[in-house]
Amino acid sequence: MPNHDVIISDAEEKDFPEIQRIYAPYVMNATVSLEETPPSIEEIKARWRQSLDKKLPYLVAKIDGKVVGYAYAFLYRARTGYRFTVEESVYVADGFKGAGIGHKLLSALITLCREQGYKQMIAVIAGTDNVASIKFHESLGFTHAGTLKNVGFKFGKWVNTVLMQKEL
Ligand SMILES: CC(C)(COP(=O)(O)OP(=O)(O)OC[C@H]1O[C@@H](n2cnc3c(N)ncnc32)[C@H](O)[C@@H]1OP(=O)(O)O)[C@@H](O)C(=O)NCCC(=O)NCCS
């Protein structure tokens with residue numbers, strides 16, 4: 001899968017069903033997301049709208065017009081003193097991982113957030129065992145900011161979160 005086949009662009013409303021199809025299996029079968037019920041398309045739209053309202057990017061990666069991954073930034077916290085800090089979320093479709101798509105998505109997201117004047121980006125990674133995500137964020141210059149123990153609970157187990165941070 002050559003890299004030049006992957007096109008990164010702003011998400012559009014027509015992409016939401018594919019975004020939902022990518023995300024839902026991670027919600028239903030894994031602890032990389034601590035949601036327990038896959039969000040509806042309406043909920044995905046509401047999250048997209050929230051990001052856009054803050055001039056924050058919501059991107060998709062496409063191959064031959066098909067969505068194979070997405071990434072978006074949202075305010076880390078609503079209280080106004082946190083207004084220069086964002087959190088991010090990135091998901092690549094099963095079957096397309098490890099091919100540089102996540103890197104392309106998150107690199108573009110970082111650039112766009114920086115251009116909008118945001119100063120810090122936070123990754124909240126569910127599961128100290130999510131080595132792929134931890135290594136992935138390290139590869140993009142995120143550093144470890146700590147571990148929160150047993151803050152999540154899913155599939156009958158407590159889940160730690162790993163906090164990582166990048167200055168924009
Ligand atoms: C984490 C995720 C977004 C990474 O995207 P990806 O397209 O698979 O990753 P890339 O191919 O762009 O990899 C970029 C770098 O990340 C690291 N990396 C990615 N997957 C890795 C893995 N399984 N193990 C170790 N390092 C890995 C490597 O350093 C890699 O660089 P390299 O290929 O030169 O070695 C993707 O695997 C995914 O969607 N995982 C499930 C959902 C998830 O955990 N999302 C993050 C929530 S915080």
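By convention here, the first residue in the shown sequence is residue 1.
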Note to self: Ignoring hydrogens and geometry beyond distance, is a side-chain donor-acceptor pair present between H137 and Q165 at under 3.5 Å?
What the structure shows: no
Please report the shortest heavy-atom distance between [X] and [Y], naming the atom on each side.
| X | Y | result |
| --- | --- | --- |
| F142 | L106 | CE1-CD2, 3.9 Å |
| G152 | L34 | CA-CD1, 3.9 Å |
| G65 | K62 | O-CD, 3.9 Å |
| S51 | A73 | OG-O, 2.7 Å |
| P38 | M28 | CG-CG, 3.7 Å |
| V27 | F155 | O-CZ, 4.2 Å |

So, does [X] use its side chain to make a donor-acceptor pair with the main chain of [Y] at under 3.5 Å?
| X | Y | result |
| --- | --- | --- |
| Y118 | I110 | no |
| K154 | E35 | yes |
| R47 | I44 | no |

How long is the straight-line distance from [atom2] of [Y] back to [atom1] of [X], given to the nearest 0.5 Å?
| X | Y | atom1 | atom2 | value |
| --- | --- | --- | --- | --- |
| Y70 | Y23 | OH | OH | 6.0 Å |
| L140 | S107 | CG | OG | 5.0 Å |
| T128 | I134 | OG1 | CD1 | 7.0 Å |
| L168 | Q120 | CG | CD | 6.5 Å |
| M164 | T143 | CE | OG1 | 6.5 Å |
| D10 | D15 | CG | CG | 10.0 Å |

Take atom [atom1] of [X] as the centre, draw a 6.0 Å sphere, and report whether it contains more than 12 heavy atoms from other residues, nucleotides or ligands.
| X | atom1 | value |
| --- | --- | --- |
| N150 | CG | yes |
| E167 | CD | no |
| K45 | NZ | no |

Note to self: One thing to verify: whether K135 and E138 come together as a salt bridge, which I'm taking to mean a side-chain N less than 4.0 angstrom from a carboxylate O.
What the structure shows: yes
Are [X] and [Y] linked, directly or through other ILVMFWY residues, by side chains that come within less than 4.5 angstrom of each other?
| X | Y | value |
| --- | --- | --- |
| V68 | V90 | yes |
| F84 | M121 | no |
| I41 | W48 | yes |
| L109 | F136 | yes |
| I8 | V67 | no |

Note to self: For K157 and T31: C-alpha separation, side-chain torsions, deciding distance, then whether side chain to side chain contact (heavy atoms under 4.5 Å, CB included) applies.
What the structure shows: CA-CA 10 Å; K157 286 190 184 150; T31 52; over 6 Å; no
Check: Just wondering, do T161 and I125 contact through their side chains at under 4.5 Å, heavy atoms?
Finding: no
Next item on the list: Compare all side-chain heavy atoms of V159 with those of F153 and state whether any distance is below 4.5 angstrom.
Entry: no
Check: Any chance the rings of F74 and Y72 have centres within less than 6.0 Å?
Finding: yes
Checklist line | Worked verdict on F96 versus V6 for side chain to side chain contact (heavy atoms under 4.5 Å, CB included) | finding: CA-CA 11 Å; F96 291 88; V6 180; over 6 Å; no
Check: For L56 and Q116, what are the C-alpha separation, side-chain angles and deciding distance, and is it a side chain to side chain contact (heavy atoms under 4.5 Å, CB included)?
Finding: CA-CA 8 Å; L56 284 164; Q116 285 300 332; 5.8 Å; no
Next item on the list: For L59 and S9, run side chain to side chain contact (heavy atoms under 4.5 Å, CB included): C-alpha distance rounded to whole Å, both residues' side-chain angles, the deciding distance at 0.1 Å, then the answer.
Entry: CA-CA 6 Å; L59 304 174; S9 60; over 6 Å; no
